[in-house]
Amino acid sequence: MKNPFQIFVIIAVFIAILMAAGLTYAASKDAVHTIELPKISVELRAGDGKETTERFCGICHSLDYITTQPPFSKTQWTATVNKMIKVMGAPISEKEANTIINYLAAEYGTGSGKERSL
Amino acid sequence: MNERKFSRRTFLKTAGALSAAAAFGGIPAGLFGSDRKLVKFPEKTDLILLTSRPPQLETPIDYFKQYITPNDALFVRWHISNIPTAVDFKQWRLKVGGNTENELSLSMEDLRKFEKVSYAAVIQCSGNGRGFFEPRVAGGQWGNGAMGNITWTGARLKDILGKAGLRAGSVDVSFNGLDSPPLPTVPDFVKSLPVDKALEEDIIVAYEMNDADLPMLNGFPARLIVPGWYATYWVKALSNITVLPKPFGEFWMKTAYRIPDDPCGCVLPGTAPKKTVPLGRMTTRSLIITPGENAVLSANRPAEIMGIAFSGGYGIRDVLVSVNSGKSWDEAKLGEERGKYSWTQWSYTWRPASPGKYALMARATDNIGGSQPLDSIWNPPGYLWNKIEKTAVVVK
């Protein structure tokens with residue numbers, strides 16, 4: 001036969017276990033919902049201006065924004081790069097923009113002949 | 001054609017049996033090059049990778065054999081690269097203010113206290129089908145997989161705005177999410193609706209997709225649902241609703257997501273429109289899901305042609321099917337309809353008499369007579385794709 005103190009201890013331990021379980025549940029309920037995005041690297045084609053293109057275009061978006069586009073004329077690539085600067089706020093100087101346009105027209109353009117191997 | 005019910009089970013079984021294993025079924029080989037590969041993002045199944053930062057992921061169309069698109073298979077599309085990857089449920093608040101009587105700061109618990117509304121609705125990216133435009137246009141080169149049919153549950157926007165109390169002279173309501181620009185010079189992704197539109201009964205702030213939490217990449221913890229309209233308005237990870245006493249006029253309304261101001265929303269291929277208006281309601285369309293492109297069928301055996309059809313919120317009146325490149329058309333059997341915003345499954349039994357090559361076509365008409373063009377329309381941003389597509393099959 002247990003004395004009242006032993007019964008008190010047993011009940012106290014039991015309540016403590018319940019509270020801990022409750023807290024754990026509350027913590028899991030309130031936990032920050034987090035995901036980790038996969039890192040996917042994209043290699044641009046070798047060519048003059050590749051590094052400049054990677055450095056500046058890569059500030060705001062992955063380079064598959066370039067590689068998944070249809071082959072465009074130099075006029076179209078010029079319009080796209082200008083849109084990025086004037087409309088989307090890309091910090092690219094005129095000199096760098098020219099390097100990027102020439103690279104894109106050469107490696108991802110209609111005139112490059114490379115679209116056939118896409 | 002009065003039989004409006006056919007079992008989903010039959011649909012799935014037959015569809016599965018006929019479908020080629022190709023995950024990219026329906027996308028002409030070679031159109032998108034070899035760069036299209038499957039990729040696994042958190043809380044998502046393997047999807048077709050368009051871009052990774054910010055992510056644009058496309059649903060393989062085999063998933064559209066299912067009436068409801070699973071949460072992990074729904075397409076993903078973000079605009080600016082600082083996307084939310086962590087949300088603290090305790091801290092998250094939906095703030096409502098601007099030209100209102102009260103400023104609200106709603107917790108998820110508060111949001112769930114509004115009357116709960118639930119319906120199935122097609123979510124479709126404005127650029128779905130852009131990859132088929134000819135001449136080709138810049139932007140995400142989607143096939144037909146930037147859409148899905150989901151059961152959305154949430155609170156009416158009207159009720160939320162009612163609690164805030166609109167002041168006289170309200171013109172637009174803007175919607176911002178937790179995503180933010182990578183540089184201060186990049187325009188934040190914010191959309192707006194005219195106040196009359198925003199007060200429509202069916203627009204909700206959804207906190208459940210198919211009775212579960214939204215995946216982070218689809219806008220956890222809540223997103224705007226504007227059923228019948230393109231998904232550009234369905235702002236993800238919604239954080240701020242602002243009532244404005246003047247037109248909104250920022251970049252993502254004033255410059256982006258606009259179509260030629262013309263009944264067809266189109267211009268002559270390769271030309272620029274004189275005037276544009278914001279994109280809105282989805283065009284009516286259908287899609288053959290099975291048999292897939294270049295499937296091989298047997299002569300003198302019944303083959304089930306199956307697909308989906310939907311409109312900008314009017315429900316589907318009928319779907320016509322042609323097995324002879326459009327020379328003659330016959331009515332398909334429509335499946336169960338779960339409301340005007342949902343897509344409808346349809347099926348048509350075809351018994352090809354002789355071997356050869358065939359082009360299968362489907363054409364949907366909605367309940368107000370809206371339908372699909374035989375020739376594709378064209379506009380510079382590549383929106384409103386709803387051409388009657390051809391699926392080539394071989395009968396042996």
For D261(B), is the CG atom crowded, meaning more than 12 foreign heavy atoms sit under 6.0 Å from it? yes
Can you pull out the residues in residues 178-185 of chain B with any heavy atom less than 4.5 Å from chain A? P182(B), L183(B), T185(B)
Nearest non-hydrogen partners of P42(B) and E36(A), listed with the distance: CG-O, 3.3 Å
Of all the heavy-atom pairs spanning V186(B) and M88(A), show the shortest one and how long it is. CG2-O, 3.1 Å
Okay, Q91(B) and chain A: the region with an atom under 4.5 Å from a heavy atom over there is neither
Is the side chain of R53(B) donor-acceptor paired with the backbone N or O of G58(A) at a distance under 3.5 Å, no angle test? yes
Specify the closest pair of heavy atoms between Y65(A) and W78(B), including all atoms of both residues, with the distance to one decimal. OH-O, 4.2 Å
Can you name the closest pair of heavy atoms from F41(B) and I40(A) and give their distance? CE1-CD1, 3.7 Å
Under the salt bridge (charged side-chain N to carboxylate O under 4.0 Å, His left out) rule, collect the residues that match up with E54(A), sequence neighbours excluded. K50(A)
Could I get the full list of salt bridge (charged side-chain N to carboxylate O under 4.0 Å, His left out) partners for E109(B), not counting sequence neighbours? none
With a 4.5 angstrom heavy-atom cut-off, which part of I80(B) approaches chain A: side chain, backbone, both or neither? neither
Side chain, backbone, both or neither of V39(B) within contact of chain A (heavy atoms, under 4.5 Å): side chain
Side chain, backbone, both or neither of L63(A) within contact of chain B (heavy atoms, under 4.5 Å): neither
Taking the side chain as everything from C-beta on, heavy atoms only, tell me whether R136(B) gets closer than 4.5 Å to Q76(A). no
Less than 4.5 Å apart, side chain to side chain, heavy atoms only: is that true for K40(B) and P38(A)? no
With a 4.5 Å cut-off on heavy-atom pairs, point out which of T80(A), V42(A), V87(A) contacts chain B the most. V87(A)
Non-hydrogen side-chain atoms of L49(B) and T68(A) separated by less than 4.5 Å: no
Please tabulate, for the side chains in residues 249-256 of chain B, all donor-acceptor contacts under 3.5 angstrom to protein atoms that are two or more places apart in sequence or on a different chain.
unit_1: W252(B); atom_1: NE1; unit_2: P187(B); atom_2: O; d: 3.3
unit_1: W252(B); atom_1: NE1; unit_2: D188(B); atom_2: O; d: 3.0

Can you give me the closest heavy-atom contact between M216(B) and H33(A), atom names plus distance? CE-O, 3.1 Å
Sidechain-backbone polar pair: S81(B) side chain, H61(A) backbone, donor-acceptor under 3.5 Å: no
Rounded to the nearest 0.5 Å, the CD1 atom of I66(A) sits from the OG1 atom of T51(B) at a distance of 12.0 Å
I35(A) and E43(B): which non-hydrogen atoms are nearest, and at how many Å? CG2-OE2, 3.6 Å
